[in-house]
Amino acid sequence: ALAEGGDIGPARVLLETLLPTVPGALKPHTLAALALVAQREGRLGEALQHLEAAAGLARHDADRRLLQRRAAALRGTATA
């Protein structure tokens, strides 16, 4: 919500602070949120790393595929 409101810096700090303590089931979502923040900051390599890490931790195939598509789109190689 902070990132959506334009407060990117505080969003990054909050997410980075929470990441080590969030339950395993929430880590992919937290990493995806960090990817969004990094992308908005223009840190595309970092955003891609977060998305790939999130996809690797995703517990459900649908979540994994979504994260992989987001990563592919970020690389500019998305397929239908």
Side-chain angles (χ1 to χ4, degrees):
L2 286 172
E4 293 294 327
D7 296 331
I8 303 254
R12 172 183 286 284
V13 171
L14 179 61
L15 290 166
E16 288 175 343
T17 301
L18 291 173
L19 186 61
T21 61
V22 296
L26 296 179
K27 281 200 189 289
H29 300 285
T30 307
L31 286 164
L34 271 169
L36 178 62
V37 169
Q39 186 175 358
R40 289 187 177 193
E41 291 177 329
R43 300 169 184 244
L44 301 184
E46 183 180 332
L48 186 57
Q49 289 176 345
H50 288 312
L51 286 172
E52 290 171 344
L57 294 173
R59 293 183 175 192
H60 302 285
D61 289 338
D63 291 336
R64 185 175 302 109
R65 286 191 302 271
L66 175 65
L67 291 163
Q68 289 169 339
R69 281 195 303 271
R70 283 185 56 197
L74 194 59
R75 286 191 296 270
T77 59
T79 58

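Values in this document were obtained by computation on a predicted structure and should not be read as measured data.
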Would you give the length of the straight line joining atom [atom1] of [X] to atom [atom2] of [Y], rounded to the nearest 0.5 angstrom?
X	Y	atom1	atom2	result
Leu44	Gln49	CG	CD	11.5 Å
Leu26	Leu19	CG	CG	11.0 Å
Glu52	Leu57	CD	CG	12.0 Å
Leu51	Arg75	CG	CZ	9.0 Å

If every non-hydrogen atom of [X] is compared with every non-hydrogen atom of [Y], which pair is closest and at what distance?
X	Y	result
Leu74	Leu48	CD2-N, 3.5 Å
Gly24	Arg59	C-NH2, 4.0 Å
Pro28	Ala54	O-CB, 3.4 Å
Ala58	Asp63	CB-CB, 4.1 Å
Leu31	His50	O-CB, 3.4 Å

Counterpart residues, salt bridge (Lys or Arg N to Asp or Glu O under 4.0 Å), relative to Arg64 (two or more places apart): Asp61
Hydrophobic cluster identity match, Leu34 and Val13, side-chain contacts under 4.5 Å: no
Pairs touching residues 15-28 that satisfy side chain to side chain donor-acceptor pair (under 3.5 Å), sequence neighbours left out: Arg12-Glu16
Ala32: side chain to side chain contact (heavy atoms under 4.5 Å, CB included) partners, not counting sequence neighbours: Leu67, Arg70
